[in-house]
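Here the structure is laid out as structure tokens; the discussion comes afterwards.
Each ligand, and each atom within it, is numbered from 1 in the order the structure gives.
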Amino acid sequence: MQEKTTYSLPELPYDFNALEPVISAEIMELHYSKHHNAYVTKLNEALEKYHEAETRKEVDQMVELQSAIKFNGGGHINHSIFWTILCPEKEAVGKPSGALSTAIDKEFGSFEAFQEKFNAKAAAIQGSGWGWLGYNKSMKRLQIAVCSNQDPLSTQGLIPILGVDVWEHAYYLQYKNARPDYLKAIWRIFNWKNIEERFEKAIS
Ligand code: MN3
């Protein structure tokens with residue numbers, strides 16, 4: 001019999017209060033311990049049911065479970081990336097360097113132009129979703145993309161380099177309805193070392 005995989009909540013690489021004042025400890029604790037945790041729990045539940053349906057050869061059940069697997073699996077994938085591309089402001093270097101910096105300049109003209117375009121697109125997402133900088137491996141170029149709900153960026157054929165959660169649970173307790181203010185502030189806590197590593201891996 002095939003070994004079953006169970007997913008688990010990855011360790012947060014810093015304390016809940018480490019991203020203050022950009023993201024409050026209250027938001028971080030809820031976001032990680034409640035929201036991300038729920039995606040993991042529900043992903044495991046859906047996969048368990050999927051395996052049972054597969055054993056019973058109930059393909060209608062298997063198809064029905066796919067939306068729960070996509071939503072909760074996407075939520076787990078997205079948040080696992082999100083925690084690692086952020087870091088305490090005192091450790092943040094503010095800007096990308098190296099190959100990623102060159103690629104951003106080439107694609108968007110400048111880092112500032114990239115920031116502006118990224119924030120405009122992420123701010124305009126209707127309802128819940130994510131803003132991403134992704135790498136298009138076949139075109140060999142960077143692209144800004146937006147995803148609804150918890151759809152992972154792979155659904156658009158892109159490799160995630162940097163992503164921002166714009167679900168209200170990510171900012172509302174602190175920024176209320178001002179999503180653009182949250183988007184403006186989050187650049188102060190991007191972990192460019194981690195983001196550059198993702199880019200290096202994507203282009204290799
Ligand atoms: Mn979230």
Side-chain angles (χ1 to χ4, degrees), residues 6-47 65-89 91-92 115 118-135 143-156 158-192 194-195 198:
T6 308
Y7 293 91
S8 55
L9 194 60
E11 206 174 316
L12 197 65
Y14 34 72
D15 294 334
F16 291 135
N17 66 3
L19 304 183
E20 289 192 338
V22 175
I23 301 177
S24 71
E26 187 186 18
I27 288 178
M28 285 304 295
E29 185 166 5
L30 284 166
H31 202 173
Y32 173 80
S33 316
K34 303 292 180 189
H35 292 274
H36 189 172
N37 196 39
Y39 297 123
V40 173
T41 304
K42 288 175 185 169
L43 171 64
N44 287 328
E45 284 170 7
L47 288 172
L65 285 160
Q66 280 173 356
S67 70
I69 293 169
K70 184 182 182 187
F71 183 77
N72 294 294
H76 176 46
I77 292 167
N78 293 338
H79 289 87
S80 298
I81 296 171
F82 191 50
W83 310 134
T84 64
I85 60 153
L86 300 176
C87 68
E89 190 170 11
E91 292 168 25
Q115 285 180 295
F118 183 95
N119 279 10
K121 286 205 170 185
I125 294 171
Q126 293 183 338
S128 299
W130 289 73
W132 291 100
L133 175 68
Y135 185 68
Q143 276 176 239
I144 293 171
V146 297
C147 290
S148 296
N149 302 312
Q150 294 295 358
D151 291 358
L153 191 61
S154 59
T155 58
Q156 297 191 25
L158 300 175
I159 301 168
I161 306 298
L162 173 171
V164 178
D165 188 344
V166 299
W167 281 57
E168 283 188 345
H169 68 225
Y171 62 87
Y172 203 89
L173 284 173
Q174 191 177 351
Y175 294 88
K176 303 296 184 283
N177 59 327
R179 187 192 282 178
D181 291 350
Y182 159 69
L183 284 166
K184 193 177 170 204
I186 204 163
W187 294 84
R188 288 158 49 191
I189 52 167
F190 277 144
N191 180 350
W192 287 107
N194 180 282
I195 297 163
R198 292 180 182 280

Task: Ile161 vs Ile195 side-chain heavy atoms within contact, under 4.5 Å - done: yes
Open item on the list: So, applying ring-ring contact (aromatic ring centres under 6.0 Å, His included) with His36, which one of His31, His169, His76 is it?
Closed with: His76
- [ ] Would you please indicate yes or no on a ring centroid separation below 6.0 angstrom for Trp167 and His79?
- [x] no
Open item on the list: Exactly one of Asp165, Asn72, Asn78 should register a side chain to side chain donor-acceptor pair (under 3.5 Å) with Gln150. Which one does?
Closed with: Asn78
Task: Test side chain to side chain contact (heavy atoms under 4.5 Å, CB included) applied to Trp187 and Asn119, step by step - done: CA-CA 10 Å; Trp187 294 84; Asn119 279 10; 2.9 Å; yes
TODO: Quick one: closest heavy-atom pair of Asn149 and Trp130, and the distance?
DONE: O-CD1, 3.4 Å
Open item on the list: Within less than 2.8 Å, report the number of protein N/O/S atoms around the Mn ion (ligand 1).
Closed with: 4
